[in-house]
Amino acid sequence: MKGSRDGERLGAREGLYPRVLGVRFVLLPRTLRLLHGRSGRCVYRGEAEVERGHGLLSRVFARIVRLPKAYAGPVDVEIQAGPRAETWTRRFGKSTMRSRLAGRDGLVLERLGPMRFAFALEPIGEAPEAALARTVSAHTGDSITVSSAAVPAAAMGAPRSYGAEHDDGEGRDPGLRWRLMRVRAFGLPLPRGWFAGVHAREFEREGRYHFEVSAQLPVVGLLVRYRGWLEVAE
């Protein structure tokens, strides 16, 4: 019964990511809980590298979707977070990429220009020590006991890593993989197979928040690949 009550408390917590992830939210590493658990306007700074495709079709598609230009240097990420939706503004030098995120049916929906993407969030990497101890203190100061009644068996007990069946070289860095489920362009559904080359994850390494995103399309080739880190303070 204790696990059920904790699950209800987490489900009622405001914020896009706590609502989508439910009890799994408290199993995320500290920097992800901080970044995704805050409301209102927050700005984070760090470093990033952006690689762009060079083909004509790649450049045309990137312009339509408003992807950032090739770049290496400081990055600012502004998040305006409400109870159920967020607006992310990423500034890579002179390039700005803005997207709108909302939750629906357990998925995160991202609107980027005329494109609409639906993602499932999957915990990956080595489980945090707090999760193994079964007691997690959220950034709000609330202490929540995570029992086997509230957490899938794979996230508790002997196995120390999430998503082991999908291990593709991501190592033990704990975080989230964004698995693409649906795509629409100008309101029309597109075959998900066209977007098999879209990969995204966010993770914590040595106490710092990191992100990696890559997008390739058949025939078109590489659209964009960017990665970097942000400072996320208490």
Inter-residue atom distance [X].[atom1] - [Y].[atom2], 0.5 Å rounding:
X	Y	atom1	atom2	value
Leu16	Phe25	CG	CZ	10.0 Å
Leu28	Arg33	CG	CZ	7.5 Å
Glu86	Ser99	CD	OG	9.5 Å
Leu223	Arg59	CG	CZ	12.5 Å
Glu49	Arg225	CD	CZ	11.0 Å
Leu32	His210	CG	NE2	11.0 Å

Going only through I, L, V, M, F, W and Y residues with side-chain contacts under 4.5 Å, is there a path from [X] to [Y]?
X	Y	value
Leu176	Met181	no
Leu109	Val198	no
Tyr71	Val65	yes
Leu67	Leu190	yes
Ile64	Leu112	no

Any carboxylate oxygen within less than 4.0 angstrom of a Lys/Arg side-chain nitrogen, looking at [X] and [Y]?
X	Y	value
Arg91	Glu78	yes
Arg208	Glu231	yes
Arg30	Glu234	yes

Heavy atoms of other groups near Arg182 CZ, more than 12 under 6.0 Å: no
Side chains of [X] and [Y]: closer than 4.5 Å at any heavy-atom pair?
X	Y	answer
Phe195	Leu217	yes
Ile79	Leu35	yes
Phe92	Lys69	no
Tyr44	Val232	yes
Val20	Leu121	yes
Val183	Met115	yes

Flag, side chain of Arg116 to backbone of Arg111, donor-acceptor distance under 3.5 Å: no
Using every non-hydrogen atom in the two residues, find where [X] and [Y] come nearest and quote the distance to one decimal.
X	Y	value
Pro174	Pro29	O-CG, 3.5 Å
Trp229	Arg45	CZ3-O, 4.2 Å
Ala70	Arg52	N-CG, 3.7 Å
Gly53	Ser58	CA-OG, 3.5 Å
Leu34	Ala233	CD1-O, 4.0 Å

Steps toward side chain to side chain contact (heavy atoms under 4.5 Å, CB included) verdict (Arg19, Arg84): CA-CA 8 Å; Arg19 287 179 179 277; Arg84 298 178 180 274; 3.6 Å; yes
Steps toward side chain to side chain contact (heavy atoms under 4.5 Å, CB included) verdict (Phe211, Arg201): CA-CA 6 Å; Phe211 56 89; Arg201 69 173 179 134; over 6 Å; no
Side-chain donor-acceptor pair present, Tyr226, Glu51, cut-off under 3.5 Å: no
Glu122 and Trp178 side chains, donor-acceptor separation under 3.5 Å: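 No.
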Verdict with supporting geometry, Arg98 and Thr87, side chain to side chain contact (heavy atoms under 4.5 Å, CB included): CA-CA 7 Å; Arg98 182 176 291 106; Thr87 298; 3.9 Å; yes
Tyr17 and His36 aromatic ring geometry - parallel, tilted or perpendicular at 30°/60° bounds: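 Rings of His36 and Tyr17: parallel, as their planes differ by under 30°.
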Worked check of side chain to side chain contact (heavy atoms under 4.5 Å, CB included) between Glu204 and Tyr209: CA-CA 5 Å; Glu204 181 175 290; Tyr209 174 90; over 6 Å; no
